[in-house]
Amino acid sequence: MTWTNHQAKYFAHELTRRHASDNSAKLATALMDAQVDLNPHQVEAALFAFKSPFSKGAILADEVGLGKTIEAGLVLSQKWAEGKCRILIIAPSSLRKQWVQELQDKFFLPATILEAKSYNEAKRTGQRNPFEMPAKRPSLVICSYQFASNKADDLMTLPWDLVVIDEAHRLRNVYKTGNKIGKALKTALSNAPKLLLTATPLQNSLMELYGLVSIIDDYAFGDAKSFRSRYARVTDEVFDDLKTRLAPLCHRTLRRQVLEYIRYTNRIPLTQEFVPTEDEQALYDMVSEYLRRPNLQALPSSQRKLMILVMRKLLASSTFAIAGALDSLVNKLEGQLKKDQQSSERLTSKLEEAFSDDVETFDELAEEWNGEDEGENEPLTQEDIDAIQEEIRDLRDFRDLAVSITENAKGTSLLSALQAGFAKARELGSEEKVILFTESRRTQEYLVRLLSQHGYDGDLVLFNGSNTDAQSSAIYKDWIGRHKGSDRVTGSRTADMRQALVDHFRSTAKIMIATEAAAEGINLQFCSMVVNYDLPWNPQRIEQRIGRCHRYGQMHDVVVVNFLNKNNEADQRVYALLAEKFQLFSGVFGASDEVLGAIESGVDFEKRIVNIYQTCRTPEAIEEEFAKLRAEMDAQIDETMKDTRQKLLENFDAEVHDRLRINLEESKHYINQHEQFLWKLTQHQLRDLARFDSSELNFVLERRPEGCPDIPDGPYHLGRDFGEAHRYRLGHPLAQHIVQRAAETPVFDATIVFDYGQWGAQAELLKPLRGKSGTLVLHKLSVDGADAEDHLLFAGVTNDGQLVSDEQIRRLMTLPATQTSASDIRVPEMVSNSIEGYKSEILHGISERQAIWFDEEMGKLDKWAEDKRSTLKINLRDLDDEIKEVKKAIRQAANLPDKIALQRKAKQLEQKRDEAWREYDGGAREIERLKDDLIDCVEARLSQNIQEERLFAIAWQVV
């Protein structure tokens, strides 16, 4: 089939059209290019995010498991397609790599993690602000909360196109005086549009909603004082008012509302108990007591709590892990005695390196625990030297005992756990595959030896932060050879290595032995068993691990295996808390929003657990402390507030179902339409350079287009299942080049013959035009302003004077066609009138939308002004109440001196009230002035620049 340059120009302009912010077509490019299934609730959330040009952002508060990252990714992808590439993502340290991987794999978006090391390196190379990505290599920037807060001055200097804040409930107390991180980020990013992601926007108090909303828009509510006063007593009337004010800012979908589109599977817990050997127990007890000592020479005072956490993790992991750590402490202390050769800072740095080599999350933990310890190392006294020598002797004894233990009871019990787990997998009908998590590289090495000796030698694959072992290198080399020349090879050794190991696990291995590196950014839906050989104390890290397998796309129930030391009372209490209170290991959805939200940060919970291990020596003390922790969590999980959240943020299921159904239909229509346009345009533009297979939407590029030296040749596929071919999409450089060339290629008036017979399909709409001829024109109407949009206006007429509808012409333009001649076209008056009619209708619609936006913005500002005046009135009311109390005291005073003293106080208060009235008057005028300024800003943003261009006119025939 053939198409003409006129059709190619139409296709190109259709593919690059800008759409109104509330139009489903706005996300068509992002949806078409994304490597994700089409779920309507995610489309709805992405459209909600900036549905008004005045929107400063939104809170996306879907329940856990509904894909808020995908929702944000759609928004990011659309912004990127619009050329708005200055984007920042702030997330917990443990989620940074996962964001990078998700954006690359699902949305083909480049992302850079900025942390202390890369920031300092950029500074050293002369970069003024490392958050500013090079124009030639644009990239999204991802950083942690702590890092963003520390670099707030840098953030403030950049005009961000969008800031996404993940796990945003961490900022819900920003209105409180002591919330330093929240206040720093709010100030630094005050002018940036923001997207806040959290499943728990409201946990304990309505003030938390105020806090989150204030981060997005300071004009949504007045201030904390007026909010607290207005919504202190939530009557039905007040409730409706608050819900109305929140509606444009907060969007929430529930899992039960999307069961029609998403299949959920269950989590099934298996607990493997074990009893340590006498030597293992002795080692545990000795190292525990050592860590409880008030003075520890081996652990730097600036990071003592962090080091104790890591030591306890290694102690629980394996004797091999703790042996290595103990050896590092011995080396550090021995170096400390030779202070003339090495500085204290250098020794601490070496110790940190040793710990981070084994515990890959060490740097993340260090960032999260930043500021926990204080103090500097002072010059050693003789007493210090004696203490160090004594500590070295103790540490050597501990280390030697650890080294002498060659088998671990937990390791032996792992063999039984695997047999039980695989039996359960067979019962559930899933493949016998398991991902086995440990927090220590040394423990990982031990597990490889153990399992290799017990019949699993050919079934293992390792996954860690470096993947430098011989097996991983061989898997990587083979994978690169098989996929060379395809889009599966990204060119990043780290990303390609990760994918090679996952593919090997899918096709060959039964057991992946992984460190925390595998808890981020890899998808293992084909695996339905998770073994926590070591159990993190941070519930969010556990949820991340299990979420690698128990996620969208998993077809089977997921078995979760945990190990329990029967001799350790604290271990048993931790497990009970994680299993019963957090419900991490069972059920359909894992940890509930309420429970994860109650702890705000998994790091804080982790610190509480460490403190219990450090301070409690008896089962009774342990029981008492865990009882306190449970009670605190129960107090946090307020059922009344849960009911409030439901009423405020959730919608009726029937309404949601209707909206989602419409969204799904519209999104499918626009995606299909875009794919057809891109396919036809590509066929036309590459007709002499490629071989096409329309039945499979494949083509082989044999020669590169002129001006595209970097575009690879070879097979391409339009669609998600691209196999070994290049994934062809609108955002691909080849497609971008084709679309731009077609849009810019000039076309002249001509006669076009459309071949309905060759088309091979039927369209009732076009049958009346067969055998007829006429004239049609295409105009482009561009409206630039607060909400930029383009409209393609078709109008046509047959030679016998019958108007051809817009829908008929659009369908006609997709038929195979040839250009027979070039000639000047006289456009009939009725066609010109039709164009004017369409234009008038569009501009009227835009005007109506603008009126709605204006009313919404004015309504918000009126409420804001009312709130601000309310604060002034509260101050006056408080003074009036105080004066009344003093006058009452005057009447009740028994003697004259007291009456005089109180009278003076009353007079001072009355003067204060008079001053407050003057302040009220001035404040009210100031509020009105600010409101007028805001109205001027709104008016300025609503101004428009309208341009109209005739793209072409043709004489047409349908045969």
Side-chain angles (χ1 to χ4, degrees), residues 1-19 25 28-30 32-33 77-78 80-83 85 108 135-136 138 487 673-694 697-719 725-750 752 754 776-782 788 790-794 810 813-819 822 947-954:
M1 293 187 186
T2 60
W3 287 270
T4 65
N5 285 345
H6 295 77
Q7 290 167 294
K9 195 175 193 70
Y10 162 57
F11 298 153
H13 279 281
E14 194 68 75
L15 287 169
T16 54
R17 263 182 70 190
R18 298 172 300 175
H19 294 274
T29 299
M32 175 182 159
D33 281 10
S77 191
Q78 187 57 39
W80 191 268
E82 294 169 3
C85 305
F108 304 94
K136 291 183 180 179
D487 273 4
Q673 187 183 67
H674 269 55
E675 283 186 344
Q676 288 177 28
F677 287 151
L678 181 58
W679 182 250
K680 290 180 171 71
L681 177 60
T682 304
Q683 280 186 297
H684 177 72
Q685 295 294 106
L686 299 181
R687 58 191 179 278
D688 299 324
L689 304 175
R691 289 182 286 109
F692 289 87
D693 177 3
S694 294
L697 296 182
N698 293 330
F699 66 91
V700 178
L701 185 66
E702 296 175 329
R703 287 186 293 126
R704 298 183 183 93
E706 187 179 336
C708 299
D710 298 327
I711 290 174
D713 51 20
Y716 284 78
H717 175 72
L718 178 61
H726 298 293
R727 162 78 150 91
Y728 191 57
R729 53 196 169 81
L730 193 51
H732 192 283
L734 177 60
Q736 292 283 296
H737 172 80
I738 286 170
V739 170
Q740 184 180 349
R741 288 293 295 270
E744 293 174 352
T745 299
V747 294
F748 305 100
D749 294 356
I752 306 290
F754 294 97
L776 67 82
V777 296
L778 173 61
H779 284 223
K780 182 177 183 179
L781 180 69
S782 297
D790 302 316
H791 297 268
L792 298 179
L793 314 179
F794 273 117
R810 289 178 188 276
M813 291 297 291
T814 64
L815 263 58
T818 53
Q819 179 179 329
Q947 292 183 319
E948 186 179 355
E949 173 190 8
R950 189 174 103 170
L951 296 181
F952 58 75
I954 61 171

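Reckoned from all heavy atoms, side chains included, excluding hydrogens, waters and symmetry mates.
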Checklist entry - What class does the angle between the rings of Phe699 and Trp679 fall in, given that below 30° is parallel, 30 to 60° is tilted and above 60° is perpendicular? => result tilted
Checklist entry - Which distance, rounded to the nearest 0.5 Å, do you find between the OG1 of Thr16 and the CG of Asp790? => result 7.5 Å
Checklist entry - Do Gln740 and Gln736 pass the side chain to side chain donor-acceptor pair (under 3.5 Å) test, and can you show the C-alpha distance, the side-chain angles, and the key distance before you say yes or no? => result CA-CA 6 Å; Gln740 184 180 349; Gln736 292 283 296; over 6 Å; no
Checklist outcome for this item: When rounded to the nearest 0.5 Å, the distance separating CG of Leu686 from CG of Leu701 is 6.0 Å
Checklist entry - Would you find more than 12 non-hydrogen atoms of other residues, nucleotides or ligands less than 6.0 Å from Glu949 atom CD? => result yes
Checklist entry - Between the main-chain N or O of Thr745 and the side-chain N or O of Lys9, is there a donor-acceptor pair closer than 3.5 Å? => result yes
Next on the checklist: Between Phe952 and Tyr10, is the ring centroid distance below 6.0 Å?
Outcome noted: no
Checklist entry - Can you name the residues that form a salt bridge (Lys or Arg N to Asp or Glu O under 4.0 Å) with Arg687, not counting sequence neighbours? => result none
Item to check | Option passing side chain to side chain donor-acceptor pair (under 3.5 Å) with Tyr728 (candidates Asp33, Thr682, Asn698) | outcome: Thr682
Item to check | salt bridge (Lys or Arg N to Asp or Glu O under 4.0 Å) partners of Glu14, counting only residues at least two apart | outcome: Arg17, Arg810
Checklist entry - Out of His674, His6, Lys680, which residue meets the side chain to side chain contact (heavy atoms under 4.5 Å, CB included) rule with Phe11? => result Lys680
Next on the checklist: I'd like to know if Arg691 and Glu702 make a salt bridge, using a cut-off of under 4.0 Å between side-chain N and carboxylate O.
Outcome noted: yes
Next on the checklist: Would you say the ring centers of His732 and Phe108 fall short of 6.0 Å from each other?
Outcome noted: no
